[in-house]
There are 2 protein chains.
Amino acid sequence: MLNTPHPARATIVDVARAAGVSRQTVSNAINSPERVSPDTLSRVLQVVEELNYRPSSAARTLRHQRAGAVGTELNAVTGTPSDVALPFLTALTLAAPGHACHMVPFASREAFPMLSGYQDMVRRRLVDAFVLTDTHPADPRPDWLEQAGIPYASFGRIYDDSSRVWWADVDGSAGTSAAVAHLAETGFRTVGFLGWPAGSAVGDDRRLGWLAGVEQHGLALGPEAAAPQSLRQAISAAERLLDGLAVGDAIVCASDVLALGVQQAALARGWRPGRDIGITGFDGSATAQLHGISTLVQPLDEIAEHLLTLVHDQLAGAPAPTRGALFLPTLTVGASTVTTSTKGTP
Amino acid sequence: MLNTPHPARATIVDVARAAGVSRQTVSNAINSPERVSPDTLSRVLQVVEELNYRPSSAARTLRHQRAGAVGTELNAVTGTPSDVALPFLTALTLAAPGHACHMVPFASREAFPMLSGYQDMVRRRLVDAFVLTDTHPADPRPDWLEQAGIPYASFGRIYDDSSRVWWADVDGSAGTSAAVAHLAETGFRTVGFLGWPAGSAVGDDRRLGWLAGVEQHGLALGPEAAAPQSLRQAISAAERLLDGLAVGDAIVCASDVLALGVQQAALARGWRPGRDIGITGFDGSATAQLHGISTLVQPLDEIAEHLLTLVHDQLAGAPAPTRGALFLPTLTVGASTVTTSTKGTP
DNA sequence: ATCGTTCATTTGAACGTTCATAATGTGTCC
DNA sequence: GGACACATTATGAACGTTCAAATGAACGAT
């Protein structure tokens, strides 16, 4: 970027001169209007509008020693980015102005996550804090950030240490449990599960919700299977699963891609999703929407809002919360669980 | 965001003191090393490393009257965001540091695009320029930005006025033409087309490439159909199209979602994609990747790089190019065009 | 020895804002 | 009428950086 100046825009002294007051009065009119008398206030604000004045964020930053910006890393390494990455970034971007800040994305082709990227942003004082995504066990970032005294909030729980509380996450088991409830209402009596290979905290959580839901609603426990987050492997796992099920049964899935696999496998054997087999996914991704799969939509707006509140609290020196925050996903019904005929209620 | 200060970090005077030189010498050591004698240079740089010093971007911005940031609007209105929006933003974010800047996303739930958002960023001097996406005929943004003297570059051509040249786009006809070439090589002899309803500049362009490709390679012109960017409608359009085709023929599509529709319709009648019917999509989206559809991948890195160069040139006062820039997509072969048997070459 | 030249380095000022504090005006109470 | 509280507005300084201009040192040429 070049170093030649902009076309001049109004500064606070221009406004002050035009309104016949001092710098500080203009500043007060904008930042603490109660301090300035009603008539000067209106006069100043009118000039502000006329000259289209807004305080320079750079000058503010320099004065306050606050960037008014939150960094967030984009995953530029994995070929297939997460389905919710963009909606989540959008939610953050929308929530940011309400917290008097803006988002600054950064990324690296080398690795994800990339500690040096965080370091760089901090040293140049481009951001005050970070929002983390894709945190995993043994993630170095929370450690490093706390060591450096840099506020952060994570979308997704932080595993290593339960004393880490600056996070918000989706309540996975409540989600799958709600999916089972919906299937029960819709008339499905046997519910299986397609999850990820055991050991992933998120996946195990979602599986528990399925178990609990089936028990709670007095349904029959269908078979379960696992596959990684790949359509091909989801399809073959689904085929095995369908062998153990009959028309009129349902499958709860730990992700939308897995659910898509079930849908494709069902279609391949002539079962109509929603009618012959109930399918629910998880994440509310564009994929689910595209294929008409009922899915658990993550409340990304609420989560983004909460995460920015968390970093704000840290910047304000507020005490840490006692635990991370869980948010309930909401079921969006698609064709994959629609009732088009009465199912086997005795 | 709050107004209490950061944990103190080293400033240029700290470095100067520690190195026993003046502010300006440190500044020179960083910005124009050739101006400072070799031994002081190394001494200063060593202290810079020890203290982990980096110039404050806010102070730089204030001094240079340059934000060193480029704004870009995220579409928060349409339910289904574009498949390439995130990869494109990632490409921009990766390219930005090479242009000594960073990206600042913004969005609004009200409308897309939202002029007041651009206005606000400019008034607060948060960004120097914008990268536009989803430009459409009668888009108010290019007009407004040029009027205001604000540099911009658009991903996607600007329609109204051929004197508008600050854009880069994908060469759609070259892309579909390359897809036809690939189908010809793979052994398909008849190639149909599934596009969008006539009238969209992008769609019409891609259709022309299909026509040209078929002619150039001496293939038989298959039937064509059109559907909007919706899976359901793509499937029904594809069904009609398949009625007019036989096993061993192929369909070039104007988008990945359309191609997905063809794939689903083909599967529904027992035709194996790639073997019984060739299918190509367009955009290189995650959808295509997920479903193994051959697609024309947009060179997003190149385009992002070029767009940032365009805004840089404008900031530098460089003369406008004579026309917008077109970039060639590259075909990624998936299962939907794979050769698993010899096809009807006589 | 003096003067100009060149190179390395330093000093003063400015970018636009807000904090801390000072100055001014207005009214109230005794 | 003077003192005091209070509300309103104004002034100086500082945030960290870089530009423009000034200083000082070294060196040849006269």
Side-chain angles (χ1 to χ4, degrees), chain A residues 1-17 19-44 47-48 51-68 100 122-126 128, chain B residues 1-44 48 51-68 100 122-126 128:
Chain A
M1 206 89 332
L2 232 65
N3 294 342
T4 45
H6 262 142
R9 281 191 274 273
T11 77
I12 200 170
V13 290
D14 297 325
V15 176
R17 218 188 330 262
V21 295
S22 71
R23 293 191 315 274
Q24 188 59 38
T25 302
V26 177
S27 180
N28 287 337
I30 291 173
N31 299 309
S32 7
E34 74 282 0
R35 284 197 191 166
V36 31
S37 77
D39 51 340
T40 35
L41 177 62
S42 70
R43 184 157 39 98
V44 169
V47 175
V48 163
L51 301 188
N52 236 314
Y53 169 75
R54 292 292 182 282
S56 144
S57 56
R60 268 202 156 135
T61 294
L62 190 57
R63 176 70 242 231
H64 283 141
Q65 298 290 75
R66 271 275 123 86
V122 166
R123 290 199 284 218
R124 298 165 51 202
R125 265 153 287 192
L126 239 162
D128 302 312
Chain B
M1 207 86 335
L2 232 63
N3 295 341
T4 44
H6 263 141
R9 282 192 272 275
T11 75
I12 200 170
V13 289
D14 297 324
V15 176
R17 215 185 338 257
V21 296
S22 70
R23 292 190 317 273
Q24 187 60 38
T25 302
V26 178
S27 179
N28 287 337
I30 291 173
N31 299 309
S32 8
E34 74 283 359
R35 284 196 192 168
V36 31
S37 76
D39 51 340
T40 37
L41 177 62
S42 70
R43 183 157 40 97
V44 169
V48 164
L51 301 188
N52 235 313
Y53 168 76
R54 293 291 182 283
S56 144
S57 56
R60 267 201 157 137
T61 294
L62 190 57
R63 176 69 241 227
H64 282 139
Q65 299 289 74
R66 270 276 124 86
V122 166
R123 289 198 285 215
R124 299 165 51 204
R125 267 152 286 191
L126 210 79
D128 302 313

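The sequence lines fix the lettering, A, B, ..., with proteins before strands; numbering per chain opens at 1.
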Report summary line: The nucleotide from C:dA14, C:dC19, D:dT11 with an atom nearest the side chain of B:Arg63 is C:dA14
Report task. Please determine if a side-chain N or O atom of B:Gln65 lies less than 4.0 Å away from the OP1 or OP2 oxygen of C:dG16. Result -> yes
Report summary line: Comparing B:Ala59 with B:Asp39, nearest DNA chain C nucleotide closer to 5' gives the residue B:Asp39
Query raised in the report: So what does A:Arg54 touch, heavy atoms closer than 4.0 Å: a base, only the sugar-phosphate, or nothing?
Result: sugar-phosphate
Query raised in the report: What nucleotide among C:dT17, C:dT10, D:dT17 has an atom nearest to a side-chain atom of B:Tyr53?
Result: D:dT17
Report summary line: Taken to the nearest whole Å, CG/B:Leu62 to C1'/C:dT17 is 8 Å
Query raised in the report: Does OP1 or OP2 of D:dT8 have a side-chain N or O of A:Thr25 closer than 4.0 Å?
Result: no
Report task. Tell me whether the OP1 or OP2 atom of D:dT18 has a side-chain N or O from B:Asn31 closer than 4.0 Å. Result -> yes
Query raised in the report: Of the nucleotides D:dT17, D:dG16, C:dT9, which one has an atom closest to the side chain of B:Arg60?
Result: D:dT17
Requested in this report: State whether the side chain of B:Arg43 and the backbone N or O of B:Ala19 hold a donor-acceptor pair below 3.5 Å, judged by distance alone.
Outcome: yes
Query raised in the report: Can you check the A:Arg17 CZ to D:dA10 P distance for me, whole Å?
Result: 14 Å
Query - C:dT9 OP1/OP2 closer than 4.0 Å to side-chain N/O of B:Thr40 - result: yes
Report summary line: Shortest non-hydrogen pair, A:Asp14 vs A:Thr11, comes out as OD2-N, 2.8 Å
Query raised in the report: Nearest-Å distance, CZ (A:Arg35) to P (C:dT21)?
Result: 13 Å
Requested in this report: Examine C:dC19: is either OP1 or OP2 under 4.0 Å from a nitrogen or oxygen in the side chain of A:His64? Give yes or no.
Outcome: yes
Requested in this report: Tell me whether the OP1 or OP2 atom of C:dC15 has a side-chain N or O from A:Thr11 closer than 4.0 Å.
Outcome: no
Requested in this report: Taking only the side-chain nitrogens and oxygens of B:Gln24, find out if one of them lies under 4.0 Å from OP1 or OP2 of C:dA8.
Outcome: no
Query raised in the report: Rounded to the nearest 0.5 Å, how far apart are OG of B:Ser56 and CG of A:Leu62?
Result: 6.0 Å
Query - Proximal nucleotide (of D:dC19, C:dT17, C:dT18) relative to the A:Ser27 side chain - result: C:dT18
Requested in this report: May I ask you to evaluate whether A:Ser22 reaches the phosphate of D:dA10, defined as a side-chain N or O under 4.0 Å from OP1 or OP2?
Outcome: yes
Requested in this report: May I ask you to say what B:Thr61 touches in the nucleic acid, namely base, sugar-phosphate or nothing, with a heavy-atom cut-off under 4.0 Å?
Outcome: nothing
Query - Donor-acceptor pair present, B:Arg23 side chain and C:dT11 base, under 3.5 Å - result: no
Query raised in the report: Is a donor on one side and an acceptor on the other found under 3.5 Å between the side chain of A:Ser32 and the backbone of A:Arg35?
Result: no
Query raised in the report: Taking the nucleotide of DNA chain D with the closest heavy atom to each, which residue, A:Gly20 or B:Ala58, is nearer the 5' end?
Result: A:Gly20
Query raised in the report: To the nearest 0.5 Å, how far apart are OG1 in A:Thr61 and CG in A:Asp128?
Result: 8.0 Å
**Report entry** Residue A:Ile12, side-chain atoms from C-beta onward, closest of C:dT17, D:dT11, D:dT18
**Finding:** C:dT17
